[in-house]
Amino acid sequence: MKKIIIIFSTLIFLAYNSFSYEGEIQSDKINIQMRKVIEKIRFKKYREAIQQLKKVIRKSPDNFRAKFLLGKCYTQIHAYEKAVNVYGNILSSSPRNLYALLEIASAYQRMYKINKSIYYYKIVEKKAPRSPYPIYGLIQAYLIKGKLVKVRQYIDTLEELKNNFRNSGLIITLFKIKILNSKNLNMEAYEIVKRALYSYGEHSRSLLMEKFQLLYDMSNLRKAEGIIDRLYKSGYKTKDVYKGLIEISLEYKNYDLAEKYVEEFNKKFGSTFRYYFYKYLISNSKKQRHDSIKYLLKSLARNRYQANVHYALVEEYIKSGKMELANQWIKEFEELFKELRGINFLKVKLLYKANKKKQSLDLLNNLINRNKNDLSFLINASYFLWTKLKNYNFALRLMKKALKLYPNNERLLNNLAYFYATVKEKSLRNPVLALRYAKRAVKLSLGLNAAFLDTLASAYFSLNNKSKAIEIQRRVIDMNPADPTFRKTLKKFIKKR
């Protein structure tokens with residue numbers, strides 16, 4: 001998805017030459033200045049380019065090329081509010097300008113002002129009905145809002161337009177994977193990736209990145225590590241590849257290797273918001289709270305529209321006992337990301353961590369009433385009730401209700417199996433059901449999910465079949481030798497054999 005947006009932005013960025021306005025006559029001096037601007041942009045000196053462009057616009061207020069590039073430069077440094085103002089200025093003079101309409105829609109989307117983003121993308125859709133570009137934006141916008149029916153409709157629209165743009169099959173496939181992941185249908189997404197790799201070739205790098213992410217999310221560290229290493233060694237050194245390498249290194253607690261990749265990233269892409277977030281990941285893994293907060297703040301100083309960074313910062317302030325600061329950031333988090341899917345559940349978790357347990361539970365109950373058929377929400381809410389609030393009966397009711405709606409969802413089956421095998425309230429344990437559900441989850445996940453096999457091992461252990469539990473747990477560790485909880489479980493099984 002990120003690759004699609006980057007390609008899209010690049011196309012528009014390069015298209016500035018197509019601006020043509022009657023009466024726009026540029027002096028030789030301004031043309032020279034504009035060439036200097038392009039040179040600065042080519043070398044990613046966006047702030048210097050901005051100062052130069054401002055001078056051009058002061059001398060030539062109707063220079064749309066300069067304004068367009070100014071908006072693009074503001075976008076590149078994540079000053080989206082300023083970009084919106086620039087594109088708004090262009091649209092006030094030229095309300096049908098498709099480039100400005102697309103860019104203002106994109107800027108609003110990056111600010112998580114999704115309704116405004118949709119408004120502008122729909123204008124472009126109406127004016128250019130055969131163009132895929134507004135459809136890309138609308139799919140992304142509705143994914144952020146969690147409006148998956150709308151996403152499906154626009155993917156169908158792309159299917160109708162597939163003869164109008166290059167790589168249509170691959171782009172549509174990537175969007176389909178995105179919607180399946182949003183619906184917690186990870187194995188269906190994995191099957192699509194497998195088929196697509198067969199169609200587009202094993203070396204389709206964007207698909208390999210999707211496969212890496214799915215395996216990483218399944219705790220299948222060895223297979224995930226093999227893919228990301230292969231991509232890196234083949235010279236495919238994108239931001240996402242570096243992110244994967246850093247995450248894998250931290251799983252193994254290999255801080256020197258993680259630092260190496262972070263500094264490589266810095267050399268290639270600069271001290272961006274991602275760079276400081278990766279520095280935070282290392283500090284957090286080392287439990288260096290002061291440095292963790294410092295790097296999170298530096299990341300937000302470069303791009304404040306990062307929900308994961310805001311959430312992490314609130315967590316760090318709570319852990320540090322700085323509740324006043326935590327509450328301030330919770331308010332900003334709510335305000336900035338109120339249109340983001342799942343924002344209210346994240347607030348439930350933050351309230352709980354801030355020791356506001358009654359408020360947390362009240363909000364959770366309200367959300368349960370409003371999201372009775374949302375699989376992802378039901379999985380997350382039941383797990384939170386079980387592991388944090390220790391409301392085992394409520395958690396079980398929610399999982400059983402969800403299972404009636406989604407009887408073949410492997411993640412739900414796994415959670416129920418682990419609950420029945422290990423829940424602290426022993427009267428609720430059911431080892432027979434635990435084994436039945438765990439076997440189904442493992443079968444549905446093709447034996448690729450280390451966490452599901454870990455549950456299967458616990459189910460056998462709950463039935464006193466300790467030798468089988470040990471055998472399976474050893475397979476789990478072979479798939480993911482880095483997770484300390486898997487090793488701890490094996491030691492428990494061996495000790496009680």
Side-chain angles (χ1 to χ4, degrees), residues 183-191 214-215 217-223 375-376 378-497:
K183 292 167 73 174
N184 242 293
L185 300 173
N186 306 101
M187 285 312 299
E188 288 184 39
Y190 187 82
E191 286 297 327
L214 285 162
L215 288 166
D217 291 343
M218 288 190 266
S219 296
N220 197 327
L221 208 60
R222 281 204 193 276
K223 283 186 180 292
L375 174 62
S376 294
L378 292 171
I379 288 172
N380 290 330
S382 57
Y383 190 75
F384 183 77
L385 283 162
W386 162 22
T387 58
K388 298 299 181 186
L389 298 179
K390 312 298 181 189
N391 194 331
Y392 304 123
N393 284 292
F394 193 1
L396 181 58
R397 285 199 306 274
L398 215 55
M399 284 190 281
K400 287 166 80 172
K401 179 185 173 184
L403 192 65
K404 287 180 181 178
L405 296 169
Y406 306 96
N408 294 311
N409 183 265
E410 66 274 7
R411 192 168 297 279
L412 185 57
L413 286 163
N414 174 75
N415 285 7
L416 259 170
Y418 197 70
F419 180 93
Y420 279 134
T422 65
V423 64
K424 288 185 179 179
E425 195 169 311
K426 293 185 179 180
S427 64
L428 294 175
R429 288 188 185 179
N430 189 328
V432 174
L433 275 181
L435 184 62
R436 184 189 305 168
Y437 290 152
K439 282 182 173 179
R440 281 177 62 194
V442 169
K443 185 178 179 181
L444 287 165
S445 63
L446 308 176
L448 290 169
N449 195 311
F452 293 1
L453 282 165
D454 176 71
T455 296
L456 182 60
S458 293
Y460 274 115
F461 189 78
S462 70
L463 284 164
N464 213 31
N465 191 340
K466 294 173 185 175
S467 58
K468 189 70 174 175
I470 290 167
E471 175 196 330
I472 293 169
Q473 198 64 24
R474 284 184 170 138
R475 279 173 59 197
V476 171
I477 291 167
D478 187 53
M479 291 167 73
N480 186 336
D483 193 321
T485 59
F486 292 157
R487 292 187 176 279
K488 186 178 177 182
T489 301
L490 179 61
K491 284 181 182 177
K492 181 184 81 172
F493 291 168
I494 293 170
K495 185 178 179 182
K496 294 189 177 181
R497 180 163 56 179

Side chain to side chain contact (heavy atoms under 4.5 Å, CB included) evaluation trace for Asp454 with Thr485:
CA-CA 10 Å; Asp454 176 71; Thr485 59; over 6 Å; no
4.5 Å side-chain heavy-atom contact, Lys400 and Arg397:
no
* Asked: Do the side-chain N and O atoms of Asn414 and Arg440 include a donor-acceptor pair separated by under 3.5 angstrom?
  -> no
Nearest heavy-atom approach of Ser382 to Leu398 is N-CD2, 3.8 Å
Nearest heavy-atom approach of Leu413 to Pro407 is CD1-O, 3.9 Å
Minimum side-chain heavy-atom gap Leu453-Arg475 below 4.5 Å
yes
Are Glu410 and Phe452 packed together at the side-chain level, in the sense that at least one heavy-atom pair is separated by less than 4.5 angstrom?
yes
Between Ser462 and Pro431 the two heavy atoms that sit nearest each other are OG-CB, 3.4 Å
Exercise for review: Show your working on side chain to side chain contact (heavy atoms under 4.5 Å, CB included) between Leu412 and Leu378 and close with a plain yes or no.
Suggested key: CA-CA 9 Å; Leu412 185 57; Leu378 292 171; over 6 Å; no
Please tell me if the side chains of Arg487 and Asp483 come closer than 4.5 Å, counting only heavy atoms from C-beta onward.
no
Correct closest heavy-atom pair for Ala417 and Ala438 would be CB-N, 3.5 Å
Q. Under 3.5 Å, is there a donor-acceptor pair between the side chain of Asn380 and the main chain of Ser376?
A. yes
Practice prompt. Using a cut-off of 6.0 Å, state whether more than 12 heavy atoms not belonging to Lys183 lie near its atom NZ.
Written response: no
Check: Any donor-acceptor pair under 3.5 Å linking the side chain of Lys426 with the backbone of Val423?
Finding: no
- Are Tyr420 and Leu396 close enough that some pair of their side-chain heavy atoms sits under 4.5 Å apart? yes
Exercise. Side-chain contact test, heavy atoms from C-beta onward, threshold under 4.5 Å: evaluate it for Met187 versus Leu444 and give yes or no.
Key: no
Quick check: do Leu389 and Phe394 have side-chain heavy atoms less than 4.5 Å from each other? no
Rounded to the nearest 0.5 Å, the CZ atom of Phe461 sits from the CD atom of Gln473 at a distance of 10.5 Å
dist Met399:CE -> Trp386:CH2 (nearest 0.5 Å) comes out at 5.5 Å
One should read off an interatomic distance between Asn186 CG and Met218 CE, to the nearest 0.5 angstrom, of 7.5 Å
- Are any non-hydrogen side-chain atoms of Leu405 and Leu375 less than 4.5 angstrom apart? no
Criterion side chain to side chain contact (heavy atoms under 4.5 Å, CB included) on Ile470 and Tyr460, from CA distance to verdict | CA-CA 9 Å; Ile470 290 167; Tyr460 274 115; over 6 Å; no
Taken to the nearest 0.5 Å, the spacing of Leu433 CG from Arg436 CZ works out to 5.0 Å
- Query: Are Asn415 and Tyr437 close enough, and set up right, to give a side chain to side chain contact (heavy atoms under 4.5 Å, CB included), and what steps lead you there?
  - Reply: CA-CA 9 Å; Asn415 285 7; Tyr437 290 152; over 6 Å; no
d(Glu425 CD, Asn393 CG) to nearest 0.5 Å is 5.5 Å
CG (Asn220) and CE (Met479) are apart, to the nearest 0.5 Å, by 4.0 Å
### Query
Within the distance-only criterion (no hydrogens, no angle test), does the side chain of Arg474 pair as donor or acceptor with the backbone N or O of Ala469 below 3.5 angstrom?
no
For Ser458 and Thr422, the nearest pair of non-hydrogen atoms, with its separation, is CB-CG2, 4.2 Å
Correct closest heavy-atom pair for Leu428 and Phe419 would be CD1-CZ, 4.1 Å
